[in-house]
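Let me begin by presenting the structure, written as structure tokens, before commenting on it.
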There are 2 protein chains.
Amino acid sequence: MTAVLVIDDDPYLLRALRITLQAHGYAVSTAADGRSSLLAARQNAPAVVILDLGLPDLDGTSVIRELRSWSPVPILVLSARHGSEDKVQALDAGADDYITKPFGLDELLARLRALLRRSIDPEQTPVITTDAFTVDLAKRVVLRDGRDVRLTPTEWHMLEILVRNPEKLVTQQQLLSEVWGPSYAKETNYLRVYIAQLRRKLEPDTSNPRHLITEAGVGYRFRP
Amino acid sequence: MTAVLVIDDDPYLLRALRITLQAHGYAVSTAADGRSSLLAARQNAPAVVILDLGLPDLDGTSVIRELRSWSPVPILVLSARHGSEDKVQALDAGADDYITKPFGLDELLARLRALLRRSIDPEQTPVITTDAFTVDLAKRVVLRDGRDVRLTPTEWHMLEILVRNPEKLVTQQQLLSEVWGPSYAKETNYLRVYIAQLRRKLEPDTSNPRHLITEAGVGYRFRP
DNA sequence: GCCTATCTTGACGAATCCTTGACGCCGTTG
DNA sequence: CAACGGCGTCAAGGATTCGTCAAGATAGGC
């Protein structure tokens, strides 16, 4: 049976979630604050974690970071605020998905299913092909016109992130914190330099990129 | 059968609504003041709430806030006054839609259906489709006629808020404080400019918008 | 120590995006 | 009828952000 750990300090919401999740076949364990939740996560080894950001003792993002330091378990975040700042912070810290309160229980269940589905097969096809080049994620090789393209470690790291999320917009912060670390969140000129190098090596027409698309002010997107 | 909770202190209106709603296949429960209505909402778990603002004991916005603190149930507000102040207050407190008395029963039924449609489909996949365009919230992509539409960060931010709340009337203040920050609450010209740009990019007939609807003096609404 | 590959940093026009004001239209009010 | 407020439209600036280049800085191999 799938094990779920629910972390929330609101006893009513905790009870409601426990009942609903158990009714849908999950094994539920709960925690009401950050410290005990970290213990519970180590002991129960849940398949997915549901975390409320408004905890009494620890900051929500700290809990996420602690968890992420030793476990890849999917984390679904609940928050009362509608603003997008804490959303971005939580996702940057390593959360996988996000719901704003109040939310419908069917929506919660749907997102839970989606997270579990994703964690079961994390690597679909390790080979991505476009009409200009081919990326083999397993072999760490990029081919263009039959010959392989030399990429530096940093170039490869950036390309890998973009290619693993086809069609999806990857935030500047996501790229920076993934490649250079969270403290480089404002060095957007790094991105400009390396995107330019990737384009020069991969795009047929450098000044008219068709696969590495920039979204001004937000981030970049890979289009197959 | 769909459960509706009607909250009103006028016995005649209450009786008329009960009869009409039951005749259209709804299961109706009623309450005549704020306190008993909150109890009834917890016990009956209605699919939608119809709330008259002029209650004897509690302020209407307080009832909305109480409900919203634990439930995402759609709230349809009735009010006698024609002014837009209480309208905006109720919507800011978390109401979903609004009708001014006196109102036609067919209009009430139409709005009820619209709100229920929204609550039945709680964005299982974060993809919203209309007959003119498709919004993918996860990938941050908008498709129209198969091609993707290029949106600026601010345009996307506004569209996301509206699309995440289908059929809901979103206040000007809600949009402004979410996108530009709380101190921009009176710069309604921003809304006019960006709504116009969104319509130009998304609506088939710009001068006759069918999905991005403006409610004069109050706000905007997304209709799927 | 020297050489090479890679990464960092700064600067500059160019492209994109946001802000702001003006104008006309429409429905409502007095 | 005239005045008014809310809305849609447009375009011109000003502010950000992007692409590009090249010159140090750093690290690793020989």
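Below, read A as the first sequence line, B as the second, and so on, with proteins coming before strands; counting in each chain starts at 1.
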Nearest heavy-atom neighbours spanning Arg140(B) and Arg221(A)
O-NH2, 3.1 Å
Sorted by number, residues from residues 192-199 of chain B placing a heavy atom under 4.0 Å from DNA chain C are Val193(B), Tyr194(B)
Remember a base hit wins even if backbone is also touched, and classify [X] as base, sugar-phosphate or nothing at under 4.0 Å, heavy atoms.
X: Tyr220(B); value: sugar-phosphate
X: Thr154(A); value: sugar-phosphate
X: Glu155(A); value: nothing

In whole Å, I'd like the distance from the [atom1] atom of [X] to the [atom2] atom of [N].
X: Gln172(B); N: dG6(D); atom1: CD; atom2: C1'; value: 9 Å
X: Leu212(B); N: dT9(D); atom1: CG; atom2: P; value: 12 Å
X: Asp205(A); N: dT20(D); atom1: CG; atom2: P; value: 10 Å
X: Glu187(B); N: dG6(D); atom1: CD; atom2: P; value: 14 Å
X: Leu176(B); N: dC7(D); atom1: CG; atom2: P; value: 11 Å
X: Arg221(B); N: dC7(D); atom1: CZ; atom2: C1'; value: 17 Å

Check: Tyr194(A) ring centroid to Trp156(A) ring centroid under 6.0 Å:
no
Distance alone, cut at 3.5 Å: any donor-acceptor contact between the side chains of Thr134(A) and Asp136(A)?
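There is no such pair between these side chains.
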Among dC10(D), dC7(D), dC18(D), the one nearest any side-chain atom of Arg200(B) is dC10(D)
Would Glu155(A) and Lys201(A) pass as an ion pair if we require N to O under 4.0 Å?
yes
Pairwise side-chain contact, [X] with [Y], heavy-atom cut-off 4.5 Å (strictly under):
X: Leu151(B); Y: Val142(B); result: yes
X: Tyr98(B); Y: Ser79(B); result: yes
X: Phe222(A); Y: Leu212(A); result: yes

Before you tell me yes or no, could you show the steps for Ile195(B) and Thr214(B) under side chain to side chain contact (heavy atoms under 4.5 Å, CB included), namely the whole-Å CA-CA distance, both residues' side-chain angles and the distance that decides it to 0.1 Å?
CA-CA 9 Å; Ile195(B) 281 284; Thr214(B) 134; 5.7 Å; no
For DNA chain C, note the earliest and the latest nucleotide, 5' to 3', having some atom under 4.0 Å of a heavy atom belonging to chain B.
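Footprint of chain B along DNA chain C, 5' to 3': dC17(C) to dT20(C).
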His211(A) and Phe133(A) aromatic ring geometry - parallel, tilted or perpendicular at 30°/60° bounds
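Judged by the thresholds at 30° and 60°, the geometry between Phe133(A) and His211(A) is perpendicular.
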